[in-house]
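Just so we're on the same page: letters track the sequence lines, and every chain starts at 1.
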There are 2 protein chains.
Amino acid sequence: MLPFLSRADETMDANGEGMAQARETGTLGKLMVLLDLVTHADAPLRFTDILSLAGQPRGTLHRQLSHLVEEGLLELDGDGRYAPGLRLLDFAARSWARNEFRLIAEPHLVDLQHATGETVHLGVLRGQSIIYLDKVEGRQPVRMYSQIGNASPCYCTGVGKAALSLLPAESLVDLLAGVNFTRFTAATHASPASLLAEIREIADQGYAFDREEHEAGIRCVAAPIWSEDRTFLGGVSITGPAYRLSMELLAQWVVPVQRAAGRIMEGMRIRLGPRR
Amino acid sequence: MLPFLSRADETMDANGEGMAQARETGTLGKLMVLLDLVTHADAPLRFTDILSLAGQPRGTLHRQLSHLVEEGLLELDGDGRYAPGLRLLDFAARSWARNEFRLIAEPHLVDLQHATGETVHLGVLRGQSIIYLDKVEGRQPVRMYSQIGNASPCYCTGVGKAALSLLPAESLVDLLAGVNFTRFTAATHASPASLLAEIREIADQGYAFDREEHEAGIRCVAAPIWSEDRTFLGGVSITGPAYRLSMELLAQWVVPVQRAAGRIMEGMRIRLGPRR
DNA sequence: AGTATCGTTCCATTATTTGGAACTTGATTT
DNA sequence: AAATCAAGTTCCAAATAATGGAACGATACT
């Protein structure tokens, strides 16, 4: 097995392997599997690499890749290596710029950043992952895309656990059934059982901590965001290094984070409210 | 000719209509037309809106949209409006983070930013558009994605004209034949003729200016970037407000910009060189 | 209640995808 | 230089998925 894909395997697992989820999207689904393969790889893949990973007949695979390249979703360099295409950037730039949820939340994220001086994130639950929609950092060296658009596990991030705490018990169990619990640090929940216990607590309290569960030395407080019809579930969080963010300090930020979350929800209700 | 492509044609106009480029990508091509429609719209579209724009039979369109939604490329909100899906962000984040060209160029962009104090861009030519791959800004309020991933016209941006100056005459004419010249400002080239004249000049000099041609009050200097096999054509630029960047000042920055471009090319050669 | 309007489902027809095999191309070995 | 091997590409009858007209629900409007 190709060594550099170990990473891709993990990500795929996190997306649900248990569910034996047959794609019902015909041709598109098959092509998306390929896009996933290429975008998850650590380096551009050669035809043969993809062949062994995708397990398709050569003729078929060749045409599929050609179509993806022709549409700009993949790029084929002079050495026959396939890399993600720049058209993806173009799509993403537009979908980000016009995203309603993000636009409504943005001013409140900035306020929260100013109030605390630390990094603020906005994330939503999609499948079993949290996708970060926005990030507001205090100091200069923000490398854009550094976090935005990234998919992170829901079971070991503040925003993730906050989002999960909003789910009805049944959906929660269903969702967790598909999750592969990777232990990123000593504090990462290793099983659904302990996670469920914490999530019940979070549901009562209305806020979640990440006690260095995803990355050693990084802590956060998060508050959940929801809509009545559960169209969006997500959260806001304040994140920072453990040496600066003691658990006591994080506790003091519970109220500001919740207030920001509340304002974002109010913004969504005003924007979408009349109809629901 | 199929009527439902009228809108897609418009979109293509900016990108090239003259080429009568029938999509050869079967099912995927049809779905990408829909993705284009939705991501280019100013607001989420309802089923009927897309129906009238795409002009497909209802049954067909419905299934196509369902597939896109199921794959996360589109999202359908509670009011039946289709918006770009967050999976696009996930794809883009990865393709950006691992893009070789960008990774090689990054340190040189930062150097250039420090040397001048103004905003630095890295862009590549894709089709008739420049796609910005990176941006390094001096002062704080960088809204990420503000420019990265955006597709801009090639005929009125510094990076665009620099990239065009590298093309052999024939390809250049072909490419410009497909461009729809929109006059953004009084200084925008209104026809291929005047543009061609300037591009010849740029090819001789090895650098390009943007004299408020895309946006009033914004100027830039750009230098071209190429590889022997023409796999990548693009440019680096320094951009800023006209009141601060006199043409004299821009002229002083020609050398630094060219030097940065040269270093990036060298980086690419080292990385890819042995093979070509 | 009556009637548009909007969205969804069905299914025989049609077009696209499939995949095995044959064929290039280019590098490596004898 | 010829032979061998691996990597990629093209072909085409068979299998599969997409198509689109029409019938069917679901809301909103009168």
Quick one: does B/T39's side chain get under 4.5 Å of A/D90's, heavy atoms only?
-> no
Work out how much the helix from C/dA1-D/dT30 to C/dT30-D/dA1 bends between its end axes, five pairs an end, to the nearest 10 degrees.
-> 30°
Would a distance-only check, ignoring hydrogens and angles, find a side-chain to backbone donor-acceptor pair under 3.5 Å from B/Q258 to B/G206?
-> yes
Taking ring-ring contact (aromatic ring centres under 6.0 Å, His included) as the test, write out the residues that go with A/F181, two or more places apart.
-> A/Y155
Can you list the residues that meet the ring-ring contact (aromatic ring centres under 6.0 Å, His included) rule with B/F91, with sequence neighbours excluded?
-> none
Interatomic spacing from CG in A/L65 to CG in A/L37 - rounded to 0.5 Å | 9.5 Å
Any pair with a residue in residues 160-170 of chain A that passes side chain to side chain donor-acceptor pair (under 3.5 Å), sequence neighbours left out, goes on the list, sorted by first then second residue, please.
-> A/K161-A/E198, A/K161-A/E213
Under 4.0 Å protein heavy-atom contact, by nucleotide of nucleotides 7-22 of chain C - B base, S sugar-phosphate only = BBB------SSBBB--
Begin with the C-alpha distance, continue with both residues' side-chain angles, and end with the deciding distance and a verdict on side-chain hydrogen bond (donor to acceptor under 3.5 Å, both in side chains) for A/T25 and B/E70.
-> CA-CA 7 Å; A/T25 48; B/E70 207 164 324; 5.6 Å; no
On DNA chain D, which is the earliest and which the latest nucleotide, 5' to 3', with an atom closer than 4.0 Å to a heavy atom of chain A?
-> D/dA7 to D/dA18
Taking B/H40 for its side chain and B/D36 for its backbone only, find out whether a donor-acceptor pair lies under 3.5 Å.
-> yes
Is a donor on one side and an acceptor on the other found under 3.5 Å between the side chain of A/R87 and the backbone of A/E71?
-> yes
Any side-chain heavy-atom pair of B/W96 and A/L88 under 4.5 Å | no
